[in-house]
Student: 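Next up is a structure, given as structure tokens.
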Number of protein chains: 2
Amino acid sequence: MAEAMPRTRVGKRPTVRQVAERAGVSHQTVSRFLRGDPGMKPATIERLREAVDALGYRVDQTARSLRTGRSGVLTAMLPSPVTAFPTPVLAAAAEVAHDHGYFMEVAVVAGGSRERAERAAELLESGRSEGVLFLGDLPDGGVPSSRDRGAFVLFGDFDDQLRGVGQLADASPVAEAIAHLAGLGHRRFLHLAGPQQWASARARRAVFLETIERLGPDYPGLTSAGVVPGTWSADSGYDGVAQLPADVDFTAVIAANDLVAMGAVRALGERGLSVPGDVSIVGWDDQEMGRYSTPSLSTVVVDREAQGRVAMQRLVALVRGEKAADSGAQINRLVWRESAGAAPARGR
Amino acid sequence: MAEAMPRTRVGKRPTVRQVAERAGVSHQTVSRFLRGDPGMKPATIERLREAVDALGYRVDQTARSLRTGRSGVLTAMLPSPVTAFPTPVLAAAAEVAHDHGYFMEVAVVAGGSRERAERAAELLESGRSEGVLFLGDLPDGGVPSSRDRGAFVLFGDFDDQLRGVGQLADASPVAEAIAHLAGLGHRRFLHLAGPQQWASARARRAVFLETIERLGPDYPGLTSAGVVPGTWSADSGYDGVAQLPADVDFTAVIAANDLVAMGAVRALGERGLSVPGDVSIVGWDDQEMGRYSTPSLSTVVVDREAQGRVAMQRLVALVRGEKAADSGAQINRLVWRESAGAAPARGR
DNA sequence: CTGTTAGCGCTTTCAT
DNA sequence: ATGAAAGCGCTAACAG
């Protein structure tokens, strides 16, 4: 029962030497062939191609890595208590990695940012990975900057939705939304903020406050009705509104994301406030469901592919010791749907 | 400018020999220590622990893999044109892998099932991974059963939502939903089916038809108003209903998932039909937004953690040549919310 | 343009 | 309970 299985390696894979023998060359020449060495006699190449095919030979990546000291692997690291992750981000990143000759693996790490930093160090120092891309909230105590073994770490300046954080401008759609709504007559804005350990949540909150301040002179009466702390969940949006004191007055809500917005819409309804009749609301993410809900949600469309691409380009550049090209791609775009409209007539 | 970076290995990592020297033992003994060999003198152990700590030594996984022939890596493979993937599934799988001493990597592969099968073979045969877990729709032409190099492949009998497919019973909530709704007076059921290359979509469709048939005798007049082919998207649900001929008569809809359900709700509304006043509808997935939408969606709650766990347990068992324990966990649970209710009074 | 010689860092016999 | 020798499959150097 507990007899250890023999673990018989059924069909040992062929090695360079076997290929060499079959092609009538030295194993070294095979190696050259495998790496696509430019200067080789066409005849030799042909014989080698034949031998490789016939034997079904594949390079042993482990052996190659041992010798070269490079694993050819880059890691995207996800925090685990995130319910869903947009695969377009990952797919785009993987594609970029692939184009540069790397294999991208994803590590899903449960626990806090400490655990992730730890795992990253482990991956790097054990030689499994050459670089780590931190997705999600930032590791608290910074990032292990272990440069040993040629390993690099791209500091996690990409956020949950992979919002770039370097440029605070990335939360600019919040400013845009406020300006637009102010133009429609709205004056009192509420912000349902996301979890502040996430850089994107912080950015949105900051832009919210700053914009209200900045636009004040242009729109007399423009004020913040408050910033309600919360999470990324629909519950949070619902509770945030439901637990608001009765005298809080507002006609526009900037929600941390679409889920929060959806929760808020329901809570508003239960308070007898209709959207967009009494209150306008804007989310973030362009979740598919929000396009068909009633009301459909005004939101910020995020270019997930671009996020993944940009992030991975930076990591690849870093690992190679090059300088990352600063692609100024426009990643976020505000779209207006049913959940936002003109401010209600004055006087309640 | 274009000067190739020297790629100086800044701080070459210490090896077993350095540790051995410092601890005054042979490199061999270090190896034993690393693998936790039981029979060792406590004093030696202590000296080794000290040396390892002091030098900041970490095992070189690449070298170890080369020698042992086992990479210690298992791969979860995701198809790429899937907008979002529930991380709980991945997290649970990763945890199980970890508990068994494996590292789980995720590979996001763009393209069709052919590309994924190809990539799997590559991973296995190159020795990077010891086993692959196919998530998402099934590779068309079966799976590469390469047993070389001790590699195994868990055939992808897990679906998009990781619905186990072996037991068709897994779509049983559909049967349950129909029975419940029939009890509430519904007689004409419409099915908005998911993409049929996904096993779970096929299963739901099959159970739908089979249940209507089976329950016919108990509920006179019970019939299918049709099965509308579609995808997993909200668009699909919307179009499916919007393009229905005017004379199609039904009071209950079984949707492929929540997105489809949400799209359908809107299309119904535009046809002048209210949910659940005129039509009841049930989705699948328990998407967070559906809990707060108006109407909130009746749906099937899926235990994502259980799915990930079960899947990985099977893979680990397979790789080790053991037999997988058939955990009969209850994974799906129907919940009733606002979108479903009694059938409207007869006679339209 | 191709072959020979070493050796990456570790673990696995086999001694002692 | 520990040490010595050998080699996993590959590529980097240096010859030829």
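The figures that follow rest on heavy atoms only: side chains count, while hydrogens, waters and symmetry mates do not.
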Student: Answer yes or no: does atom CD of A:E305 have more than 12 heavy-atom neighbours from other residues, nucleotides or ligands under 6.0 Å?
Tutor: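 Yes, because the 6.0 Å sphere around CD of A:E305 holds more than 12 heavy atoms from other groups.
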Student: Under 4.0 Å: is that the gap between some side-chain N or O of B:S31 and OP1 or OP2 of C:dT11?
Tutor: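 Looking at the OP1 and OP2 atoms of C:dT11, one of them is under 4.0 Å from a side-chain N or O of B:S31.
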Student: I need the CZ-C1' distance between B:R17 and C:dG7, as an integer number of Å.
Tutor: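 In whole Å, C:dG7 C1' lies 10 Å from B:R17 CZ.
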Student: Within the structure, does a side-chain N or O atom of A:T68 lie under 4.0 Å from either OP1 or OP2 of D:dT11?
Tutor: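 Indeed not, no polar side-chain atom of A:T68 lies that close.
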Student: Can you tell me the distance, in whole Å, between the CZ atom of B:R64 and the C1' atom of C:dT12?
Tutor: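 That distance rounds to 13 Å.
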Student: Is B:V25 touching bases, backbone alone, or none of the nucleic acid, heavy atoms closer than 4.0 Å?
Tutor: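 Answer is sugar-phosphate: B:V25 comes under 4.0 Å of backbone atoms only.
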Student: If you take atom types as modelled and just measure distance, does the side chain of B:Q28 reach the base of C:dT11 with a donor-acceptor pair under 3.5 Å?
Tutor: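 No.
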Student: In terms of the nearest nucleotide of DNA chain C, which residue is placed more toward the 5' end: A:K41 or A:H27?
Tutor: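 It is A:K41 whose nearest nucleotide is closer to the 5' end.
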Student: When the distance from CZ of B:F33 to C1' of C:dT11 is rounded to whole Å, what number comes out?
Tutor: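 My rounded result for the distance is 16 Å.
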Student: So, is A:T44 near the phosphate of C:dT2, with a side-chain N or O under 4.0 Å from OP1 or OP2?
Tutor: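 Answer yes for this pair, as a side-chain N or O of A:T44 is under 4.0 Å from OP1 or OP2.
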Student: What is the distance, rounded to the nearest whole Å, between atom CZ of A:R128 and atom C1' of C:dG9?
Tutor: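 Spelled out: CZ on A:R128 to C1' on C:dG9 is 15 Å.
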Student: Please give, in whole Å, the distance from D:dA13 P to A:D37 CG?
Tutor: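 Rounding to the nearest Å, CG of A:D37 and P of D:dA13 are 14 Å apart.
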Student: Take atom CG of A:L66 and atom C1' of C:dG7, then tell me their distance rounded to the nearest Å.
Tutor: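 A:L66 atom CG is separated from C:dG7 atom C1' by 9 Å.
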Student: A:T15 near the nucleic acid: base, sugar-phosphate alone, or nothing, with a heavy-atom cut-off under 4.0 Å?
Tutor: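 The residue A:T15 makes sugar-phosphate contact but no base contact.
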Student: Students often get this wrong, so: under 4.0 angstrom with heavy atoms, is A:R35 touching a base, only sugar-phosphate, or nothing?
Tutor: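 A:R35: backbone/sugar contact only, no base atoms under 4.0 Å.
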Student: Looking for any heavy atom pair under 4.0 Å, which part of the strands does B:Y57 touch: base, sugar-phosphate only, or nothing?
Tutor: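 Sugar-phosphate only.
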Student: Please report the distance, rounded to the nearest Å, between CG in B:D60 and P in D:dC8.
Tutor: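 Atom-to-atom, B:D60 to D:dC8, this comes out as 18 Å.
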Student: Before accepting this row, confirm whether a basic side-chain N of the pair B:E95/B:R309 lies closer than 4.0 Å to the acidic partner's carboxylate O.
Tutor: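 No.
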Student: Would a 4.5 Å heavy-atom cut-off, applied to side chains only, mark B:E125 and A:Y57 as touching?
Tutor: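 Sidechains of A:Y57 and B:E125: no contact.
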Student: Using a strict cut-off of less than 4.0 Å between a Lys/Arg side-chain nitrogen and an Asp/Glu carboxylate oxygen, indicate whether B:R128 and B:E122 qualify as a salt bridge.
Tutor: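 Salt bridge flag = no for B:E122 with B:R128.
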Student: Got a donor-acceptor pair under 3.5 Å from the side chain of B:R32 to the base of D:dG3?
Tutor: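 Answer is yes: a donor-acceptor pair is held.
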Student: Can a salt bridge be assigned to the pair A:R49 and A:E46 using a cut-off of 4.0 Å between side-chain N and carboxylate O?
Tutor: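 Yes.
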Student: Would you indicate, yes or no, if D:dA6 has its OP1 or OP2 atom less than 4.0 angstrom from a side-chain nitrogen or oxygen of B:R67?
Tutor: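 B:R67 to D:dA6 OP1/OP2: no side-chain N or O under 4.0 Å.
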Student: When the distance from CG of B:L34 to P of C:dC10 is rounded to whole Å, what number comes out?
Tutor: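 Whole-Å distance recorded here is 8 Å.
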